[in-house]
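Take this structure first; my questions come after.
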Amino acid sequence: MKFPKVEVGLAVTSVLTAIVVMTVTQALLLPTLTPAPKPKPGTACVGEPIVVEYSYAGGMMGPHECKVQCDTQKPRYILYTDNRATQCEPLPGCNDWGEDNGVECLPV
């Protein structure tokens, strides 16, 4: 069985053109994800508190307290022993958003 001869240059050009067309189509037609706005200092905390047994020291701390938010699908914030608080990332996320960014919220 003989295969028809195809020029390599034409085949490569066709494949590259198809890739460019698909990439441009996806970029224009698929919705883009808008990142959640960064937490602002002094805003009211949203959701139920996650009460922890340590005080707030600023910045990234451990352990990963906001994980419970992903399990319950309810907004949460971390309430520390010194009555300071940081907001968990908005759902569907579950990162220690305010704590990681060093931004406190006002406990309700």
Linking Ile, Leu, Val, Met, Phe, Trp and Tyr by side-chain heavy atoms under 4.5 Å, what else ends up with I19?
V15
Correct closest heavy-atom pair for L79 and A85 would be CD1-CB, 4.2 Å
A side-chain contact here means heavy atoms from C-beta on lying under 4.5 Å apart; do K74 and E48 qualify?
yes
How far apart are the closest heavy atoms of C45 and P107, and which atoms are they?
SG-N, 3.6 Å
To the nearest 0.5 Å, what is the distance between CD1 on I50 and CG on D96?
7.5 Å
Could you note down all residue pairs passing side chain to side chain donor-acceptor pair (under 3.5 Å) where residues 75-86 supplies at least one of them, sequence neighbours left out?
Y80-T86, Y80-E99, R84-E104
Rounded distance (nearest 0.5 Å) linking atom CE of M22 with atom OG1 of T17:
11.0 Å
Do you reckon V52 sits in the same ILVMFWY cluster as Y56, going by side-chain contacts under 4.5 Å, direct or chained?
yes
Return the CG to CD distance between L91 and Q73, rounded to the nearest 0.5 Å.
5.5 Å
Taking the side chain as C-beta and beyond, is there a heavy-atom pair between Y54 and E65 under 4.5 Å?
yes
Evaluate the criterion disulfide (SG to SG under 2.5 Å) for residue pair C88 and C66; output intermediate values, then yes/no.
CA-CA 6 Å; C88 294; C66 289; 2.0 Å; yes
Considering non-hydrogen atoms only, spot the tightest contact between Q87 and C105 and give its length.
N-SG, 3.7 Å
Do the non-hydrogen side-chain atoms of H64 and N95 ever get within less than 4.5 Å of each other?
yes
Show which residues join L28 in its hydrophobic cluster (side-chain heavy-atom contacts under 4.5 Å, direct or indirect), or state none.
V20, V24
